[in-house]
Amino acid sequence: MQAIQVSDFSLDHTLDSGQAFRWRRGADGGWQGVIGRQFVRLQQANGAIQVEAADLDEVARYFQWHVNLSEIVATFPRDEHLTAAVRRFRGLRLLRQDPWECLASFIASSTKQIVQIKQIVENLSERLGMGEWERGGMGEKTRYHPFPTVEAVASSTHEVLWNCKLGFRARNLLATARMIAEGKTDLSRIRSMSCGEGREHLCRLPGVGEKIANCVLLFAFGKQEAFPIDVWIERGLRELYFRRKRNVTPRRLREFSGSYFGPHGGYAQQYLFHYLRMAGRRGRDLKMLDRPIHRA
DNA sequence: CTCCAGGTTCCGG
DNA sequence: CCGGAACATGGA
(Lines give C-alpha, C1' and ligand atoms only; values in the text may rest on other atoms or scores of the structure.)
Protein backbone atom coordinates (compact mmCIF):
# COMPACT_ATOMS: atom_id res chain seq x y z
CA MET A 1 0.00 0.00 0.00
CA GLN A 2 1.37 3.36 -1.05
CA ALA A 3 0.02 6.88 -0.81
CA ILE A 4 0.31 9.04 -3.92
CA GLN A 5 -0.28 12.76 -4.02
CA VAL A 6 -2.14 13.64 -7.20
CA SER A 7 -3.73 17.01 -7.79
CA ASP A 8 -6.56 17.63 -10.19
CA PHE A 9 -7.62 14.00 -10.24
CA SER A 10 -10.90 12.29 -9.43
CA LEU A 11 -10.81 8.53 -9.17
CA ASP A 12 -14.61 8.31 -9.16
CA HIS A 13 -15.19 10.50 -12.21
CA THR A 14 -12.41 8.80 -14.15
CA LEU A 15 -13.47 5.22 -13.49
CA ASP A 16 -17.18 5.99 -13.72
CA SER A 17 -16.98 7.63 -17.13
CA GLY A 18 -17.30 4.54 -19.31
CA GLN A 19 -13.75 4.41 -20.68
CA ALA A 20 -12.73 1.13 -19.08
CA PHE A 21 -14.88 -1.81 -18.09
CA ARG A 22 -12.96 -3.79 -15.49
CA TRP A 23 -13.41 -1.61 -12.44
CA ARG A 24 -15.71 -2.24 -9.48
CA ARG A 25 -16.46 0.09 -6.65
CA GLY A 26 -16.09 -1.51 -3.25
CA ALA A 27 -18.37 -0.98 -0.28
CA ASP A 28 -15.71 1.25 1.28
CA GLY A 29 -15.77 3.61 -1.69
CA GLY A 30 -12.51 2.25 -3.07
CA TRP A 31 -12.06 0.73 -6.52
CA GLN A 32 -10.58 -2.55 -7.60
CA GLY A 33 -9.70 -3.76 -11.04
CA VAL A 34 -7.09 -5.18 -13.34
CA ILE A 35 -4.41 -3.30 -15.25
CA GLY A 36 -2.48 -5.54 -17.58
CA ARG A 37 -1.53 -8.58 -15.54
CA GLN A 38 -1.84 -7.10 -12.11
CA PHE A 39 -4.68 -6.70 -9.69
CA VAL A 40 -5.04 -3.15 -8.42
CA ARG A 41 -6.94 -1.54 -5.58
CA LEU A 42 -7.24 2.21 -5.15
CA GLN A 43 -8.94 4.60 -2.81
CA GLN A 44 -9.08 8.37 -2.77
CA ALA A 45 -9.19 10.21 0.54
CA ASN A 46 -8.55 13.89 1.25
CA GLY A 47 -6.38 14.56 -1.74
CA ALA A 48 -4.28 11.42 -1.67
CA ILE A 49 -4.61 8.18 -3.61
CA GLN A 50 -3.98 4.97 -1.73
CA VAL A 51 -2.66 2.42 -4.18
CA GLU A 52 -2.30 -1.30 -3.73
CA ALA A 53 -0.36 -2.64 -6.68
CA ALA A 54 2.77 -4.58 -7.52
CA ASP A 55 3.88 -2.24 -10.28
CA LEU A 56 3.15 1.36 -9.35
CA ASP A 57 4.68 2.76 -12.54
CA GLU A 58 2.18 0.86 -14.65
CA VAL A 59 -0.65 2.26 -12.55
CA ALA A 60 0.65 5.83 -12.85
CA ARG A 61 0.95 5.49 -16.60
CA TYR A 62 -2.54 4.01 -16.87
CA PHE A 63 -4.10 6.93 -15.01
CA GLN A 64 -1.92 9.55 -16.75
CA TRP A 65 -1.16 11.31 -13.49
CA HIS A 66 1.70 13.23 -15.09
CA VAL A 67 -0.66 15.04 -17.47
CA ASN A 68 -1.35 18.69 -16.69
CA LEU A 69 -5.13 18.82 -16.79
CA SER A 70 -5.29 22.60 -16.50
CA GLU A 71 -3.41 23.07 -19.75
CA ILE A 72 -5.83 20.77 -21.53
CA VAL A 73 -8.99 22.31 -20.10
CA ALA A 74 -7.65 25.75 -21.01
CA THR A 75 -7.87 24.84 -24.70
CA PHE A 76 -11.60 24.03 -24.49
CA PRO A 77 -14.13 26.45 -25.96
CA ARG A 78 -15.74 28.52 -23.24
CA ASP A 79 -19.35 27.70 -23.92
CA GLU A 80 -21.74 27.15 -21.03
CA HIS A 81 -22.29 23.44 -21.57
CA LEU A 82 -18.67 22.34 -21.60
CA THR A 83 -17.89 24.74 -18.78
CA ALA A 84 -20.62 23.18 -16.67
CA ALA A 85 -19.37 19.68 -17.46
CA VAL A 86 -15.81 20.54 -16.47
CA ARG A 87 -16.93 22.28 -13.32
CA ARG A 88 -19.03 19.31 -12.28
CA PHE A 89 -16.57 16.55 -13.17
CA ARG A 90 -13.21 18.23 -12.74
CA GLY A 91 -10.49 15.64 -12.27
CA LEU A 92 -11.79 13.24 -14.89
CA ARG A 93 -8.79 12.02 -16.86
CA LEU A 94 -8.41 10.02 -20.03
CA LEU A 95 -6.80 6.67 -19.28
CA ARG A 96 -4.02 5.07 -21.29
CA GLN A 97 -5.28 1.55 -21.83
CA ASP A 98 -3.86 -1.51 -23.51
CA PRO A 99 -4.76 -1.25 -27.23
CA TRP A 100 -5.97 -4.82 -27.68
CA GLU A 101 -8.08 -4.86 -24.53
CA CYS A 102 -9.55 -1.50 -25.46
CA LEU A 103 -10.27 -2.57 -29.03
CA ALA A 104 -11.86 -5.87 -28.01
CA SER A 105 -13.93 -4.20 -25.30
CA PHE A 106 -15.35 -1.64 -27.69
CA ILE A 107 -16.08 -4.24 -30.34
CA ALA A 108 -18.21 -5.79 -27.63
CA SER A 109 -19.78 -2.42 -26.83
CA SER A 110 -21.93 -1.76 -29.86
CA THR A 111 -25.55 -1.11 -28.86
CA LYS A 112 -24.90 -2.42 -25.38
CA GLN A 113 -25.26 -0.64 -22.08
CA ILE A 114 -22.13 -0.09 -20.05
CA VAL A 115 -23.32 -2.51 -17.37
CA GLN A 116 -23.60 -5.22 -19.99
CA ILE A 117 -20.25 -4.41 -21.58
CA LYS A 118 -18.65 -4.86 -18.17
CA GLN A 119 -20.30 -8.25 -17.86
CA ILE A 120 -19.12 -9.36 -21.30
CA VAL A 121 -15.55 -8.25 -20.59
CA GLU A 122 -15.68 -10.07 -17.28
CA ASN A 123 -16.96 -13.23 -18.99
CA LEU A 124 -14.16 -13.08 -21.56
CA SER A 125 -11.55 -12.65 -18.84
CA GLU A 126 -12.86 -15.49 -16.71
CA ARG A 127 -13.08 -17.95 -19.56
CA LEU A 128 -10.12 -17.01 -21.70
CA GLY A 129 -7.82 -14.94 -19.52
CA MET A 130 -4.76 -17.03 -18.82
CA GLY A 131 -2.92 -16.89 -15.53
CA GLU A 132 -5.66 -16.41 -13.03
CA TRP A 133 -4.26 -15.80 -9.60
CA GLU A 134 -5.32 -15.79 -6.00
CA ARG A 135 -5.14 -12.74 -3.88
CA GLY A 136 -5.79 -12.75 -0.18
CA GLY A 137 -7.30 -9.66 1.39
CA MET A 138 -8.04 -9.92 5.09
CA GLY A 139 -8.76 -13.60 4.90
CA GLU A 140 -10.73 -13.30 1.70
CA LYS A 141 -9.45 -15.04 -1.36
CA THR A 142 -10.72 -14.02 -4.71
CA ARG A 143 -9.81 -15.02 -8.21
CA TYR A 144 -8.89 -12.41 -10.77
CA HIS A 145 -8.24 -12.88 -14.42
CA PRO A 146 -6.28 -10.72 -16.81
CA PHE A 147 -7.98 -9.80 -20.07
CA PRO A 148 -7.34 -12.55 -22.65
CA THR A 149 -4.53 -12.11 -25.15
CA VAL A 150 -5.09 -11.77 -28.89
CA GLU A 151 -3.93 -15.34 -29.31
CA ALA A 152 -6.33 -16.65 -26.66
CA VAL A 153 -9.29 -15.07 -28.42
CA ALA A 154 -8.06 -15.95 -31.90
CA SER A 155 -7.71 -19.62 -30.99
CA SER A 156 -11.08 -19.62 -29.29
CA THR A 157 -14.35 -20.57 -30.98
CA HIS A 158 -17.42 -18.71 -32.06
CA GLU A 159 -19.47 -20.71 -29.57
CA VAL A 160 -17.25 -19.82 -26.61
CA LEU A 161 -17.43 -16.13 -27.47
CA TRP A 162 -21.16 -16.38 -28.05
CA ASN A 163 -21.55 -17.83 -24.57
CA CYS A 164 -19.76 -14.81 -23.17
CA LYS A 165 -22.93 -12.93 -24.22
CA LEU A 166 -21.35 -11.21 -27.19
CA GLY A 167 -24.31 -11.97 -29.43
CA PHE A 168 -23.78 -10.89 -33.04
CA ARG A 169 -20.53 -9.21 -31.95
CA ALA A 170 -18.89 -12.63 -31.39
CA ARG A 171 -18.23 -13.04 -35.11
CA ASN A 172 -16.53 -9.65 -35.31
CA LEU A 173 -14.35 -10.15 -32.25
CA LEU A 174 -13.20 -13.55 -33.47
CA ALA A 175 -12.44 -12.28 -36.98
CA THR A 176 -10.61 -9.23 -35.65
CA ALA A 177 -8.52 -11.32 -33.23
CA ARG A 178 -7.55 -13.66 -36.05
CA MET A 179 -6.56 -10.82 -38.37
CA ILE A 180 -4.29 -9.41 -35.68
CA ALA A 181 -2.90 -12.81 -34.73
CA GLU A 182 -2.10 -13.53 -38.36
CA GLY A 183 -0.21 -10.28 -38.58
CA LYS A 184 -2.57 -8.68 -41.10
CA THR A 185 -2.92 -5.77 -38.73
CA ASP A 186 -0.24 -4.58 -36.34
CA LEU A 187 -1.73 -2.56 -33.50
CA SER A 188 1.67 -1.47 -32.21
CA ARG A 189 2.31 0.40 -35.43
CA ILE A 190 -0.64 2.73 -34.85
CA ARG A 191 1.05 4.61 -32.02
CA SER A 192 3.42 6.32 -34.41
CA MET A 193 0.73 7.01 -36.99
CA SER A 194 -1.37 10.13 -37.36
CA CYS A 195 -4.90 10.06 -36.02
CA GLY A 196 -6.36 9.78 -39.51
CA GLU A 197 -3.99 7.02 -40.58
CA GLY A 198 -4.65 5.11 -37.38
CA ARG A 199 -8.39 5.40 -37.90
CA GLU A 200 -8.10 4.12 -41.44
CA HIS A 201 -6.02 1.22 -40.16
CA LEU A 202 -8.47 0.29 -37.39
CA CYS A 203 -11.55 0.57 -39.61
CA ARG A 204 -10.28 -2.30 -41.75
CA LEU A 205 -11.02 -4.63 -38.87
CA PRO A 206 -14.44 -6.31 -38.91
CA GLY A 207 -16.88 -4.73 -36.48
CA VAL A 208 -14.79 -1.59 -36.21
CA GLY A 209 -16.24 1.59 -37.63
CA GLU A 210 -15.42 5.22 -37.05
CA LYS A 211 -16.80 5.42 -33.54
CA ILE A 212 -15.00 2.38 -32.14
CA ALA A 213 -11.80 3.35 -33.95
CA ASN A 214 -11.95 6.77 -32.31
CA CYS A 215 -12.46 5.20 -28.89
CA VAL A 216 -9.32 3.09 -29.33
CA LEU A 217 -7.34 6.03 -30.69
CA LEU A 218 -8.40 8.14 -27.71
CA PHE A 219 -8.40 5.66 -24.82
CA ALA A 220 -5.43 3.51 -25.81
CA PHE A 221 -3.23 5.53 -28.16
CA GLY A 222 -3.64 8.96 -26.63
CA LYS A 223 -4.76 10.59 -29.88
CA GLN A 224 -6.65 13.42 -28.22
CA GLU A 225 -8.13 14.86 -31.38
CA ALA A 226 -10.15 11.65 -31.80
CA PHE A 227 -13.80 12.44 -31.02
CA PRO A 228 -16.06 9.38 -30.68
CA ILE A 229 -19.68 10.16 -31.53
CA ASP A 230 -22.04 7.68 -29.90
CA VAL A 231 -25.78 8.02 -29.32
CA TRP A 232 -25.26 10.14 -26.19
CA ILE A 233 -22.83 12.55 -27.80
CA GLU A 234 -24.92 12.80 -30.95
CA ARG A 235 -28.01 13.70 -28.95
CA GLY A 236 -25.99 16.07 -26.83
CA LEU A 237 -24.44 17.88 -29.78
CA ARG A 238 -27.83 18.25 -31.43
CA GLU A 239 -29.54 19.57 -28.32
CA LEU A 240 -26.74 21.75 -26.98
CA TYR A 241 -25.11 23.09 -30.14
CA PHE A 242 -27.69 22.64 -32.92
CA ARG A 243 -30.87 23.31 -31.04
CA ARG A 244 -33.79 23.69 -33.40
CA LYS A 245 -31.79 23.34 -36.59
CA ARG A 246 -32.69 21.16 -39.53
CA ASN A 247 -30.58 19.01 -41.81
CA VAL A 248 -27.88 18.38 -39.25
CA THR A 249 -26.28 15.38 -40.90
CA PRO A 250 -23.70 13.04 -39.38
CA ARG A 251 -21.18 14.66 -41.70
CA ARG A 252 -22.01 18.06 -40.24
CA LEU A 253 -21.60 16.77 -36.68
CA ARG A 254 -18.21 15.28 -37.50
CA GLU A 255 -17.01 18.52 -39.03
CA PHE A 256 -18.27 20.56 -36.10
CA SER A 257 -16.79 18.33 -33.39
CA GLY A 258 -13.53 18.05 -35.29
CA SER A 259 -12.92 21.78 -35.30
CA TYR A 260 -14.95 23.40 -32.52
CA PHE A 261 -13.52 21.53 -29.51
CA GLY A 262 -9.88 22.07 -30.38
CA PRO A 263 -6.71 19.96 -30.28
CA HIS A 264 -7.85 18.07 -27.17
CA GLY A 265 -11.39 17.55 -28.44
CA GLY A 266 -11.37 13.96 -27.29
CA TYR A 267 -10.92 15.14 -23.74
CA ALA A 268 -13.83 17.55 -24.10
CA GLN A 269 -15.87 14.71 -25.57
CA GLN A 270 -15.30 12.59 -22.46
CA TYR A 271 -16.41 15.39 -20.16
CA LEU A 272 -19.53 15.91 -22.25
CA PHE A 273 -20.26 12.20 -22.45
CA HIS A 274 -20.10 11.74 -18.70
CA TYR A 275 -22.06 14.94 -18.12
CA LEU A 276 -24.85 13.88 -20.48
CA ARG A 277 -24.99 10.36 -19.18
CA MET A 278 -25.22 11.45 -15.57
CA ALA A 279 -27.92 13.95 -16.46
CA GLY A 280 -30.30 11.23 -17.59
CA ARG A 281 -31.64 10.08 -20.87
CA ARG A 282 -32.15 12.50 -23.75
CA GLY A 283 -29.99 15.05 -21.99
CA ARG A 284 -32.83 16.41 -19.97
CA ASP A 285 -32.39 17.92 -16.53
CA LEU A 286 -28.92 19.19 -17.15
CA LYS A 287 -29.44 21.71 -14.40
CA MET A 288 -29.65 18.98 -11.82
CA LEU A 289 -25.94 18.41 -12.33
CA ASP A 290 -25.26 21.69 -10.58
CA ARG A 291 -26.28 19.89 -7.45
CA PRO A 292 -24.45 16.90 -6.00
CA ILE A 293 -25.37 13.60 -7.58
CA HIS A 294 -27.14 11.11 -5.41
CA ARG A 295 -26.03 7.61 -6.07
CA ALA A 296 -28.77 5.01 -6.44
C1' DC B 1 -44.85 -4.88 -23.45
C1' DT B 2 -42.00 -1.07 -25.46
C1' DC B 3 -37.90 1.43 -25.86
C1' DC B 4 -33.07 1.75 -25.88
C1' DA B 5 -28.12 0.68 -25.45
C1' DG B 6 -20.47 4.27 -25.91
C1' DG B 7 -22.51 0.61 -33.71
C1' DT B 8 -21.46 -1.61 -38.02
C1' DT B 9 -22.74 -3.04 -42.36
C1' DC B 10 -25.47 -3.31 -46.26
C1' DC B 11 -28.90 -1.34 -49.33
C1' DG B 12 -31.73 1.83 -52.02
C1' DG B 13 -32.47 6.93 -52.98
C1' DC C 1 -23.58 11.18 -48.68
C1' DC C 2 -27.99 10.13 -46.36
C1' DG C 3 -31.69 7.50 -43.87
C1' DG C 4 -33.41 2.73 -42.72
C1' DA C 5 -33.14 -1.99 -41.52
C1' DA C 6 -31.00 -6.06 -39.71
C1' DC C 7 -28.31 -7.85 -36.13
C1' DA C 8 -29.04 -10.25 -30.35
C1' DT C 9 -29.82 -9.41 -25.73
C1' DG C 10 -31.05 -7.60 -21.41
C1' DG C 11 -31.79 -3.30 -18.53
C1' DA C 12 -35.12 0.26 -17.33
Side-chain angles (χ1 to χ4, degrees), chain A residues 13-23 85 89 92 94-95 97 101-124 158-177 179 185 199-221 223 226-239 242 245-258 261 265-285 295-296:
Chain A
H13 297 160
T14 299
L15 294 182
D16 238 356
S17 66
Q19 304 178 61
F21 306 101
R22 296 220 62 189
W23 295 94
F89 295 107
L92 189 168
L94 288 182
L95 300 170
Q97 301 182 50
E101 177 174 346
C102 186
L103 171 62
S105 298
F106 277 98
I107 285 176
S109 78
S110 69
T111 57
K112 276 292 179 188
Q113 295 182 159
I114 289 177
V115 188
Q116 295 176 18
I117 303 166
K118 284 184 177 178
Q119 189 55 58
I120 293 171
V121 171
E122 207 56 41
N123 291 340
L124 286 169
H158 183 266
E159 185 184 2
V160 168
L161 298 183
W162 186 276
N163 289 335
C164 288
K165 304 301 179 185
L166 275 156
F168 65 83
R169 306 153 196 83
R171 180 194 226 4
N172 291 331
L173 182 60
L174 186 58
T176 287
M179 279 184 67
T185 297
R199 183 160 40 238
E200 193 179 340
H201 218 67
L202 288 166
C203 285
R204 298 196 321 224
L205 296 165
V208 180
E210 193 161 345
K211 189 269 172 181
I212 290 176
N214 280 331
C215 284
V216 177
L217 290 167
L218 186 61
F219 302 142
F221 290 110
K223 309 290 187 189
F227 193 101
I229 301 180
D230 73 316
V231 289
W232 289 94
I233 287 291
E234 175 168 357
R235 260 195 322 252
L237 291 181
R238 288 181 187 283
E239 294 184 8
F242 293 91
K245 287 190 178 178
R246 294 171 291 111
N247 300 330
V248 182
T249 65
R251 178 89 186 117
R252 180 87 182 87
L253 290 178
R254 283 203 312 260
E255 289 172 350
F256 172 74
S257 61
F261 293 102
Y267 239 105
Q269 177 275 159
Q270 194 60 18
Y271 272 93
L272 278 178
F273 174 77
H274 195 42
Y275 182 69
L276 293 164
R277 219 168 64 83
M278 298 306 274
R281 57 179 54 181
R282 302 184 67 79
R284 290 176 301 201
D285 304 325
R295 187 164 305 289

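These numbers were taken from a predicted model, which means no experiment stands behind them. Scope of the values below: all heavy atoms of this structure, side chains included, with no hydrogens, waters or symmetry mates. Proteins come first, then strands; the chains are lettered A, B, ... in the order of their sequence lines, and each starts at number 1.
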Between the side chain of Arg252(A) and the main-chain N/O of Asn247(A), is any donor-acceptor distance below 3.5 Å?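 Side chain of Arg252(A) to backbone of Asn247(A): no pair is present.
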
Arg254(A) versus Glu210(A): any side-chain heavy-atom pair under 4.5 Å?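 Yes. Closest side-chain heavy atoms under 4.5 Å.
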
When you compare the side chain of Tyr275(A) with that of Met278(A), does any pair of heavy atoms fall below 4.5 Å?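 Side chain of Met278(A) against side chain of Tyr275(A), heavy atoms only: no contact under 4.5 Å found.
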
Let me check something: any side-chain donor-acceptor pairs from residues 101-109 of chain A under 3.5 Å, sequence neighbours excluded? List them with distances.
unit_1, atom_1, unit_2, atom_2, d
Ser105(A), OG, Glu101(A), O, 2.7
Ser109(A), OG, Phe106(A), O, 2.7

Report yes or no: is there a donor-acceptor pair, N or O only, under 3.5 Å between the side chain of Gln119(A) and the base of dG11(C)?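 A donor-acceptor contact between them is absent.
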
With the threshold set at under 4.0 Å for non-hydrogen atoms, list the residues of residues 205-212 of chain A touching DNA chain C in residue-number order.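 None - not one residue of the stretch has a heavy atom sitting under 4.0 Å from the strand.
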
Protein-to-nucleotide contact annotation, 5' to 3' order, nucleotides 2-8 of chain C [B base; S sugar-phosphate only; - none; under 4.0 Å, heavy atom]: SS---BB

Using a cut-off of less than 4.0 Å, is there contact between a side-chain N or O of Arg235(A) and OP1 or OP2 of dA5(B)?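 Yes, within the criterion.
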
Quick one: label Val231(A) by what it contacts on the DNA or RNA (base, sugar-phosphate, nothing), any heavy atom closer than 4.0 Å.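 Result for Val231(A) = sugar-phosphate.
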
Quick one: label Ile229(A) by what it contacts on the DNA or RNA (base, sugar-phosphate, nothing), any heavy atom closer than 4.0 Å.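 No contact.
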
Once side chain to side chain donor-acceptor pair (under 3.5 Å) is applied, do any residues pair with Ser257(A), and if so which ones, sequence neighbours excluded?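 So Ser257(A) forms no side chain to side chain donor-acceptor pair (under 3.5 Å) with any residue.
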
With sequence neighbours excluded, residues passing ring pair (Phe, Tyr, Trp, His ring centres under 6.0 Å) with Phe261(A):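 For Phe261(A) the ring pair (Phe, Tyr, Trp, His ring centres under 6.0 Å) partners, ignoring immediate neighbours, are Phe227(A), Tyr241(A), Phe256(A).
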
Might you confirm whether atom NZ of Lys165(A) has over 12 heavy atoms from other residues, nucleotides or ligands at distances under 6.0 Å?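 Open.
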
Restricting to pairs with a member in residues 104-122 of chain A, which pass salt bridge (charged side-chain N to carboxylate O under 4.0 Å, His left out), not counting sequence neighbours?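 For residues 104-122 of chain A: Arg22(A)-Glu122(A), Arg24(A)-Glu122(A).
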
